[in-house]
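One structure is given here, and the rest of the page talks about it.
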Amino acid sequence: QLLLVESGGGLVQPGGSLRLSCTESKVKLDSYAIGWFRQAPGKEREDVSCISSRGWINYQDSVKGRFTISRDNAKNTVYLQMNSLKPEDTGVYYCAAKFFSAGCPSLAMDYWGKGTLVTISS
């Protein structure tokens, strides 16, 4: 059983940056694919980025070139560095884990965090 905890959300002006963290205090995450997902108000949850257990990475088209996913196994943490933020990036960001997976299918992730709110507004 994983207990994923997201942090790093907040209120930022357009063009600003945030770094989200996803961590687990007891179970090593390096054997899990970790995905970042987001849900904007009134909209369905969408994929943002995924890093597989082997380090393969993918991004949603709208965040390519602006967001970077990475993992620090020593800190048991997966990060989402978000730059050049836009109002449409606003939403609750969730991390989720799937054991030994090459991808992050949103309907088949094994564990979810409770989310962290990101608000992009001037």
Side-chain angles (χ1 to χ4, degrees):
Q1 184 78 17
L2 295 187
L3 182 60
L4 299 173
V5 179
E6 303 96 336
S7 62
L11 171 62
V12 175
Q13 291 187 343
S17 298
L18 284 173
R19 188 177 76 161
L20 305 184
S21 299
C22 173
T23 193
E24 212 290 340
S25 63
K26 297 181 179 179
V27 178
K28 296 292 288 181
L29 294 178
D30 54 1
S31 296
Y32 289 82
I34 304 295
W36 284 98
F37 303 83
R38 67 187 180 190
Q39 187 164 19
K43 295 188 177 181
E44 300 210 345
R45 186 178 63 206
E46 60 178 359
D47 302 358
V48 176
S49 182
C50 174
I51 183 166
S52 77
S53 54
R54 295 194 176 191
W56 302 325
I57 289 173
N58 60 61
Y59 299 98
Q60 182 198 109
D61 285 347
S62 70
V63 308
K64 284 180 180 177
R66 300 188 297 123
F67 290 12
T68 303
I69 192 170
S70 63
R71 64 163 87 222
D72 184 334
N73 290 333
K75 294 184 178 180
N76 208 35
T77 300
V78 174
Y79 300 101
L80 185 68
Q81 177 67 44
M82 307 189 296
N83 299 328
S84 302
L85 284 161
K86 304 176 181 180
E88 51 264 41
D89 295 318
T90 293
V92 179
Y93 282 68
Y94 301 91
C95 69
K98 186 169 180 63
F99 183 68
F100 207 65
S101 176
C104 301
S106 63
L107 297 180
M109 300 302 283
D110 296 326
Y111 304 99
W112 290 85
K114 294 185 177 181
T116 185
L117 178 63
V118 171
T119 304
I120 312 304
S121 175
S122 54

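Note that the numbering runs from 1 along the sequence shown for the chain.
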Pairs flagged by ring pair (Phe, Tyr, Trp, His ring centres under 6.0 Å) wherever residues 73-106 is involved - sequence neighbours left out: Tyr32-Phe99
Thr23 side chain to Asn76 side chain, donor-acceptor N/O pair below 3.5 angstrom: no
Quick check: does any side chain N or O of [X] sit under 3.5 Å from a backbone N or O of [Y], one acting as donor and the other as acceptor?
{"X": "Ser52", "Y": "Gly103", "result": "no"}
{"X": "Lys98", "Y": "Pro105", "result": "no"}
{"X": "Gln39", "Y": "Val92", "result": "no"}
{"X": "Glu6", "Y": "Lys114", "result": "yes"}

Specify the closest pair of heavy atoms between [X] and [Y], including all atoms of both residues, with the distance to one decimal.
{"X": "Leu80", "Y": "Trp36", "value": "CB-NE1, 3.6 Å"}
{"X": "Asp89", "Y": "Ser84", "value": "OD2-O, 4.4 Å"}
{"X": "Glu24", "Y": "Leu29", "value": "CB-CD2, 3.9 Å"}
{"X": "Met109", "Y": "Ala33", "value": "CE-O, 4.0 Å"}
{"X": "Ser121", "Y": "Pro14", "value": "C-CD, 3.6 Å"}
{"X": "Leu18", "Y": "Gly8", "value": "CD2-O, 3.6 Å"}

More than 12 foreign heavy atoms under 6.0 Å from CD of Glu88: is that the case here? yes
Is Lys43 atom NZ crowded by more than 12 heavy atoms from other residues, nucleotides or ligands, each under 6.0 Å away? no
Going by an N to O cut-off under 4.0 Å, is there a salt bridge joining Glu46 and Arg38? yes
Could Asp61 and Lys64 be called an ion pair, given the rule that one side-chain N must be under 4.0 Å from one carboxylate O? yes
Can you tell me how far apart [atom1] ([X]) and [atom2] ([Y]) are? Round to the nearest 0.5 Å.
{"X": "Ser62", "Y": "Asp47", "atom1": "OG", "atom2": "CG", "result": "10.5 Å"}
{"X": "Lys26", "Y": "Gln1", "atom1": "NZ", "atom2": "CD", "result": "11.5 Å"}
{"X": "Ile51", "Y": "Ser101", "atom1": "CD1", "atom2": "OG", "result": "12.5 Å"}

So disulfide (SG to SG under 2.5 Å) across residues 53-100, not counting sequence neighbours, yields Cys22-Cys95
Please, which pairs that meet disulfide (SG to SG under 2.5 Å) have at least one residue in residues 24-76, sequence neighbours excluded? Cys50-Cys104
Side chain to side chain contact (heavy atoms under 4.5 Å, CB included) between Thr68 and Tyr59, worked out: CA-CA 8 Å; Thr68 303; Tyr59 299 98; 3.9 Å; yes
Results of salt bridge (Lys or Arg N to Asp or Glu O under 4.0 Å) for Arg45 - residues two or more places apart only: none
Please evaluate residues Phe67 and Ile69 with respect to the criterion side chain to side chain contact (heavy atoms under 4.5 Å, CB included), reporting the C-alpha separation (whole Å), side-chain torsions for both, the decisive distance (0.1 Å), and the verdict. CA-CA 7 Å; Phe67 290 12; Ile69 192 170; over 6 Å; no
Count I, L, V, M, F, W, Y as connected when their side-chain heavy atoms are under 4.5 Å apart, and connections chain through other members. Are Leu117 and Leu85 then in the same cluster? no
What do the steps show when you test Leu20 against Val118 for side chain to side chain contact (heavy atoms under 4.5 Å, CB included), and what is the final call? CA-CA 9 Å; Leu20 305 184; Val118 171; 4.0 Å; yes
Taking only residues two or more places apart in sequence, or in another chain, which ones meet Ser106 in a side chain to side chain donor-acceptor pair (under 3.5 Å)? none
Partners of Phe37 by ring pair (Phe, Tyr, Trp, His ring centres under 6.0 Å), sequence neighbours excluded? Trp112
Stepwise side chain to side chain contact (heavy atoms under 4.5 Å, CB included) test for Val48 and Met82: CA-CA 11 Å; Val48 176; Met82 307 189 296; over 6 Å; no
